[in-house]
Amino acid sequence: MVDNKVNSILFAGVGGQGILRASDIICEAIMEAGMDVKKSEVHGMAQRGGCVTSHVRYGKKVYSPLAETGAIQTLVSFEKMEALRYLKFLRKDAAIIVNTEEIYPPAVNMGDAPYPIDVIAFLKEHYSKVIHFNAGELAQKAGNIKTANVVLLGAVSNMMSIDQSVWENVIKKSFPEKLVKINLAAFQMGIAA
Amino acid sequence: MKVLMSGNEAIARGAYEAGVRFAAAYPGTPSTEILEEFCKYDGVYAEWSPNEKVAVEVAIGAALAGEKALAVMKHVGVNVAADPIFTVSYTGTNGSLVIVSADDPSLHSSQNEQDNRNYARFAKIPMLEPADAQEAKEYIKLAFEISEKFDTPVFLRSTTRVSHSKAVVTLSEPRKHEDKTGFTYNADKYVMVPINARTQRVEVEKRQQALKHFAETFGENKMEINNLDVGIITAGMPYNYAKEVFPDYSYLKLGMVYPLPEKLIRDFASKVKKIYVIEELDPFLEEQIKAMGIKVIGKEIFPYTNEFDPGIIKNAIEKNTQMPVSPYKETLSPRPPNLCPGCPHRGLFYALGKSKAYVHGDIGCYTLSYMKPLEGLHSCICMGASIGMAHGMSKALKEKGKGKVVGVIGDSTFLHSGITPLLNMAYNNSDALIIILDNSTTAMTGMQEHPGTGYTLMGKEAKKVNLKVLVSALGIENIKVIDPLDLKATRSAIKGELAKDGPSVIIAERPCALFKRANIKAKPALIVNPDKCEGCKACLGLNCPPISWKKGIIKEGSKRKGISYIDETLCNGCGLCEQVCKFGAIS
């Protein structure tokens, strides 16, 4: 494999789900753990209800902020059907973390198109490592539904060799003091999910 | 200290570290964050100018006073600013002047994909191109050094992928700002009448030769000699993509993409057996290198369009036509961008879409309303174009066009480049109707201030232009101010103004729904009464994100096949759907 030394994570979801914030936090943690990191994202028009993606790449030395199509090791999908949109970017042995919450695209809302069924079963049929949970529910348990993105971060952290203390430090730095406790709880929810 | 920074944050930081304290810009994706970051540093002056041409002229003025001046814009902004840019290349800069052009390969947020490296050659201005955030920070400093040394404006070209990617950046100690400002009188050099311009024209060629010489030893034109079978000549972000997939080949990475170091390129070419030139968009390097008589492989295998990624480069070189495929074969419903819930544009374009007028659009969020189901506009070329185009179409159609030609333009866009074409409409007695969509901010790029908002980039209170008075001063007599969320008034204003002879302007006033300073108190979410809903889908025609269709909820004695439903977590209670419903089912 070409990029055996560089790891690639693809974050995907819908505008407003806190995807860019989550990918920022993960980059800070990687940097604090002493590795090189680059990330890439789409701004602008995509914010308005559109698809949002962010590539995060890390290792000893990273050149490209974009991964080669077909070379991504981890997909973190903040919405259920969005996971299906990016499968061609993944390695065959990729791990997939999916938030099972559904956000309907306009055509589904209008009754003109169906929302895909059996998404999780399909993913499990084609990929050996699929982790799925309702991040919104777990965030609610942690104390605030808006921390769903940090719940998902907790789940990704299980696949990375970064010390717990680094994550805690970065989360503390990333939020105003009154929100730190809830976000740390959300992160733990994700680790346990 | 190491920090994670986007390319744009790094450009701002680099300018500050270089001792730059003066910058002007007009917002535009992917360049906007540069000034938003720069203005936060101590002791700087930074402004949003009304357009890119003004921004460059402001920066030229500061440079002539001895300052280090920065002007920032997106790629198409350079078109607007081209006039002063081409001639400041002749006069030189006295102080120093760097123009950042943020290009947008793949048109993530633009109307075209122009390759602004061509401007460097066209205007005879040197251009640097960084490949990531660290380089962006260093190159902006080098750009100012080159400007100062050669008395020339310098371009720094970024692309969306450099501007909006984050990387680890090592910060340096900022240089102290030395005040070198003052008056330097030198009319022969700064008054570009033909006799002086002819002299300066010769100076430009001398400078070109000096810069070519400089490029040969410029530290950021770097050779990396490795495997000699293949050599890659590249610049900017494509360098990273290539390094990712072909780490063992030899490289000539050009930090300065204009003018080119011919001797260095020849030297590199003599070392390697086969050369690929890897560049996005135009064959800018390739054609110049081929003109040197050097055999290279370029656009015969690499695409002309869109940004690259590591896979595109790998597949082109390895002649691999088998692309990765998704195991999922069904079509996935897309998520096109849409106007926000409560957006004031929705009401106006709902009314315009039904009016059967030909509507010329402009650059802004409202351009999205061309899509189904609103279908509220029918053309869009560039900033400020809607007014001139509406006038031209109306003149060409004569009687056929009477009461049927409209131009729409946002407040920020109107102040950018809509004033002169509106003056023209009054002067040449147009029959078209212009609608200024005044949402009190530059919404599309993320709420930037402009001369109509009452605040500056630095957060100071400012003179706020009165659009009605301005329009009137241009000679427009028919002016109507409406609230675009009042559908009845909007329809009647459009109908009434279209019927009038001569030019008319409607100012549709309502702040952007996301604009925090407007302090819009969201009204309670509306709900659909399932007993009253007849399933006519009229409200769905608004394309409002909270409104969806629930199939199969039938009612005895009615032909309805389902009902509308409003997601109360998304609805901000703007009330448009209530006005559209003929059955009083929404309240």
Side-chain angles (χ1 to χ4, degrees), chain A residues 2-3 6 14-15 23-24 27-28 30-31 35-51 55 57 62-71 81-91 103-116 122-123 125-127, chain B residues 2-4 29-30 33 108-109 131-133 160-168 237 239-245 247 307-312 314 323-328 330-340 365 368 373 444-446 537 540 543 545 547-551 562 567:
Chain A
V2 178
D3 59 351
V6 178
V14 179
S23 62
D24 270 345
C27 288
E28 292 286 350
I30 293 165
M31 193 175 73
M35 287 177 275
D36 192 17
V37 59
K38 281 185 177 167
K39 91 156 198 171
S40 196
E41 61 197 35
V42 177
H43 281 216
M45 296 181 83
Q47 285 171 1
R48 300 178 205 285
C51 300
H55 290 231
R57 311 199 67 233
V62 180
Y63 284 102
S64 172
L66 280 180
E68 186 189 340
T69 306
M81 73 174 271
E82 288 308 296
L84 298 172
R85 216 182 283 280
Y86 304 98
L87 297 180
K88 78 164 181 177
F89 292 95
L90 307 187
R91 268 159 63 152
I103 300 172
Y104 288 175
V108 176
N109 256 340
M110 299 290 168
D112 298 336
Y115 189 91
F122 179 87
L123 293 174
E125 198 183 307
H126 290 86
Y127 298 87
Chain B
K2 286 184 173 183
V3 293
L4 200 66
T29 313
E33 300 84 0
H108 294 285
S109 196
D132 62 15
T160 302
R161 205 49 73 180
V162 173
S163 282
H164 286 174
S165 288
K166 288 194 176 175
V168 182
M237 188 52 88
Y239 166 78
N240 290 318
Y241 300 150
K243 277 294 268 194
E244 187 78 37
V245 285
E307 61 176 348
F308 291 176
D309 64 31
I312 286 173
K314 188 173 148 195
M323 299 297 159
V325 287
S326 170
Y328 189 75
E330 310 294 320
T331 309
L332 283 167
S333 199
R335 296 183 189 273
N338 189 2
L339 300 174
C340 305
C365 298
L368 298 174
M444 189 77 171
T445 42
K537 294 191 176 179
L540 290 167
N543 201 25
I547 308 178
S548 60
W549 177 247
K550 289 255 183 280
K551 208 160 54 177
D567 180 343

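What you are looking at is a predicted structure, and each value in this text was computed from that prediction instead of being measured. Naming: A, B, ... by sequence-line order, numbering from 1 per chain.
- Contacts with chain A were tallied for B/P334, B/A133, B/A242, B/G562; B/P334 has the most, counting heavy-atom pairs under 4.5 Å.
- Nearest heavy atom pair, residue B/K2 against residue A/M31, reads O-CE, 3.8 Å.
- Scanning all heavy atoms of the two residues, the minimum distance from B/P310 to A/A67 falls at CD-O, 4.1 Å.
- In this structure, the portions of A/M110 lying under 4.5 Å from any heavy atom of chain B include both its backbone and its side chain.
- Residue contact with chain B, scored on non-hydrogen atoms closer than 4.5 Å, involves the backbone of A/Y104 exclusively.
- A/C27 and B/L4 get closest at one heavy-atom pair: CB-CD2, 3.2 Å.
- When every heavy atom of A/K88 is checked against every heavy atom of B/S326, the shortest pair comes out as CB-N, 3.6 Å.
- Comparing A/E28, A/E125, A/R85, A/H55 by heavy-atom pairs within less than 4.5 Å of chain B, the highest count is held by A/R85.
- Heavy atoms closer than 4.5 Å to chain B are found in both the backbone and the side chain of A/I103.
- Nearest heavy atoms, B/R335 versus A/P106: CA-CD, 4.4 Å.
- With a threshold of 4.5 angstrom between heavy atoms, B/I312 does not approach chain A through any atom at all.
- Ranked by heavy-atom pairs shorter than 4.5 Å toward chain A, the options B/G311, B/S165, B/A131, B/P30 are led by B/S165.
- The contact between A/E82 and chain B is made entirely by side chain atoms (from C-beta outward), counting heavy-atom distances below 4.5 Å.
- Counting heavy atoms from C-beta on, the side chains of A/M81 and B/L332 come closer than 4.5 Å.
- Proximity to chain B (any heavy atom under 4.5 Å) is shown, for A/D24, by both the backbone and the side chain.
- For B/V168, the parts lying near chain A are the backbone and the side chain together; criterion is any non-hydrogen pair under 4.5 Å.
- Looking only at heavy-atom pairs under 4.5 Å with chain A, the residue among B/T160, B/N543, B/V3, B/D309 that has the most is B/V3.
- Listed here is the closest heavy atom pair of B/R161 and A/P65: CG-CG, 4.4 Å.
- Among the candidates A/N109, A/L123, A/I30, the residue making the largest number of heavy-atom pairs closer than 4.5 Å to chain B is A/N109.
- Here the straight-line distance linking atom OG of A/S40 with atom NE2 of B/H164 works out to 10.0 Å at 0.5 Å rounding.
- When each of A/L87, A/L66, A/V62 is scored by its heavy-atom pairs under 4.5 Å with chain B, the top score falls to A/L66.
- Contact of B/M237 with chain A is made through the side chain alone, with heavy-atom distances under 4.5 Å.
- With a 4.5 Å cut-off on non-hydrogen atoms, A/A107 touches chain B through its backbone and its side chain both.
- Interface remark: B/P327 contributes backbone and side-chain atoms alike to the contact with chain A (heavy atom separation under 4.5 Å).
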*asked:* Under the criterion side chain to side chain contact (heavy atoms under 4.5 Å, CB included), I'd like the reasoning laid out for B/N240 against A/K38: C-alpha separation, chi angles, the key distance, then a yes or no.
replied: CA-CA 11 Å; B/N240 290 318; A/K38 281 185 177 167; 3.9 Å; yes
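- Under the 4.5 Å side-chain criterion, counting only non-hydrogen atoms from C-beta, B/P247 is not in contact with A/Y63.
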